Amino acid sequence: MKHLKTLMILSLSLMMAFGAIACAAPQEEVVQAEEQPAEQPAKEPAGETEFIVFAAASMTETLTEIAELYKTVAPGVTLVFNFDSSGTLKTQIQEGAECDVFISAGQKQMNQLDITADPAVNTEGLDMVLDGTRINLLENRVTLCVPEGNPRGIEDFNGLAAALKDEDILFAMGNSDVPVGQYTQKILAYYDLSEEELASAGKITYGTNVKEVTTQIAEAAVDCGVVYCTDAFSANLTVMDYATAEMCGQVIYPAAVMKASARAEEAQAFLDYLLTDEAMGVFEAVGFAPAA
């Protein structure tokens, strides 16, 4: 009887021990699971930066070439370009399009975004240019170009003015919100020519940017047209004459970092690079000159 009682006590002790182990096992697994680190999302390579440059259509070829050179200067930077007429780009920026650097083919479009500009130009009081970043980058020239062979024999701006008055010709120009169109309007005014009357008479056709005007001339869809010398060079057009400052003023390209940019430091570094001899060499090769 004494032995039986001892066996029962031993059996009960063993059952309690096994029960404790069984209860403890799941808790140990939970602790182990909690100690395993959660998976971390993959990180972008350090130093990788992408920023957006809005630039006048007349800079398409030069900036595309400069972007390749810039890879050796800032290998971690990717440039994304949006090329169009300066008026279109200004409107896109005003409407909230993401833009880090704006390079305009005319002062007017930049002034319309710059709170420090004349209120007569910045009529909406827009404050979108980052203080201290605006520069005059380049100067271009306005040219009179003709299709290959110059079938109508238009030799210069004086000849163009005479032909528009007396002959049935078709002349291409940028529309009124395109800088090259605004310079052309000044040339027409210089010769006392009415753009409205000429357009009504079917003597003027328009392009929404300088590239469209260039194409019309290159394809001989018109008898002549006005574009920048840089576009004439890129399209291998025949240049007959250059407009003087008296005719249309200087053609200055301002550039600036936008106030809304989240990459202002990188954007400023790119603007600084555009002023270097290496970048200017690309610009000058097609007819641009450093802004005086």
Side-chain angles (χ1 to χ4, degrees), residues 56-62 85-87 104-108 138-253 283-289 291-292:
S58 51
M59 305 185 75
T60 302
E61 293 80 11
T62 50
S85 74
S86 299
S104 173
Q107 298 282 20
K108 178 181 177 180
L138 299 167
E139 183 172 1
N140 209 339
R141 299 182 71 186
V142 174
T143 63
L144 173 64
C145 295
V146 296
E148 185 177 356
N150 191 13
R152 296 301 296 265
I154 298 171
E155 300 294 333
D156 52 28
F157 279 108
N158 290 335
L160 169 65
L164 286 172
K165 288 178 180 177
D166 304 325
E167 300 177 28
D168 184 18
I169 69 166
L170 187 58
F171 169 64
M173 63 179 282
N175 60 30
S176 60
D177 70 345
V178 179
V180 74
Q182 293 161 4
Y183 292 122
T184 307
Q185 288 177 323
K186 292 179 180 179
I187 294 171
L188 294 176
Y190 176 81
Y191 285 103
D192 293 322
L193 293 167
S194 168
E195 178 188 354
E196 184 178 354
E197 291 178 4
L198 292 171
S200 296
K203 293 186 177 184
I204 294 179
T205 181
Y206 293 93
T208 61
N209 59 51
V210 70
K211 294 300 182 186
E212 288 189 7
V213 181
T214 302
T215 298
Q216 291 180 48
I217 301 168
E219 295 179 351
V222 295
D223 298 310
C224 60
V226 169
V227 297
Y228 300 119
C229 70
T230 51
D231 296 284
F233 178 91
S234 299
N236 198 28
L237 296 181
T238 302
V239 177
M240 302 307 299
D241 200 3
Y242 294 88
T244 65
E246 184 182 7
M247 290 180 184
C248 64
Q250 282 185 291
V251 184
I252 300 297
Y253 283 49
F283 289 131
E284 290 174 344
V286 300
F288 281 116

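From a predicted model like this one, the values you see are computed outputs, not experimental measurements.
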Between side-chain atoms of residues 237-248 and protein atoms elsewhere (two or more places apart, or another chain), which donor-acceptor pairs fall under 3.5 Å?
residue, atom, partner, partner atom, Å
D241, OD2, F157, N, 3.0
T244, OG1, E246, N, 3.4
T244, OG1, M247, N, 3.3

Of all heavy-atom pairs linking S85 and T208, the shortest is CB-O, 3.4 Å

G225 and I217 have their tightest heavy-atom pair at CA-CD1, 3.6 Å

Please assess L160 against I169 for the test side-chain contact (heavy atoms from CB on, under 4.5 Å), listing each intermediate value before the final yes or no. CA-CA 9 Å; L160 169 65; I169 69 166; 4.2 Å; yes

Nearest 0.5 Å please: distance from the CD atom of E284 over to the OG1 atom of T62. 12.0 Å

How long is the span from the CD atom in E197 to the CG atom in L188, to the nearest 0.5 Å? 11.5 Å

For D166, is the CG atom crowded, meaning more than 12 foreign heavy atoms sit under 6.0 Å from it? yes

F171 versus L164: any side-chain heavy-atom pair under 4.5 Å? yes

Heavy-atom neighbours of E148 CD exceed 12 at 6.0 Å: no

For C224 and V146, the nearest pair of non-hydrogen atoms, with its separation, is CB-CG1, 4.0 Å

K108 NZ to S86 OG distance, which is reported to the nearest 0.5 Å: 11.5 Å

Heavy atoms, side chains only, cut-off 4.5 Å: are N150 and E155 in contact? yes

Looking at OG1 of T205 and CD of E212, how far apart are the two atoms once the value is rounded to the nearest 0.5 Å? 9.5 Å

At their closest point, which heavy atom of V251 faces which heavy atom of A105, and how far apart are they? CG1-O, 4.2 Å

Taking only residues two or more places apart in sequence, or in another chain, which ones meet T214 in a side chain to side chain donor-acceptor pair (under 3.5 Å)? none

Non-hydrogen atoms of Q216 and Y206 that approach each other most closely: NE2-O, 3.3 Å

Just by modelled atom types, is the E167 backbone N or O under 3.5 Å from a matching donor or acceptor in the K203 side chain? yes

Rounded to the nearest 0.5 Å, how far apart are OG of S104 and CE of M59? 10.0 Å

May I have the list of side-chain donor-acceptor pairs in residues 226-235 shorter than 3.5 Å, sequence neighbours left out?
residue, atom, partner, partner atom, Å
Y228, OH, V180, N, 3.1
T230, OG1, N140, ND2, 2.9
D231, OD1, K211, NZ, 2.8
S234, OG, T230, O, 3.0

Might you point out which heavy atoms bring G174 and V213 nearest each other, and give the distance in Å? N-CG2, 3.7 Å

Partner set under ring-ring contact (aromatic ring centres under 6.0 Å, His included) for Y183, not counting sequence neighbours: none

Do Q182 side-chain atoms and S176 backbone N/O form a donor-acceptor pair below 3.5 Å? yes

Listed partners of Y191 passing side chain to side chain donor-acceptor pair (under 3.5 Å), at least two apart: N158

Return the CD1 to SG distance between I154 and C145, rounded to the nearest 0.5 Å. 11.5 Å

Can you list the residues that meet the side chain to side chain donor-acceptor pair (under 3.5 Å) rule with D156, with sequence neighbours excluded? none

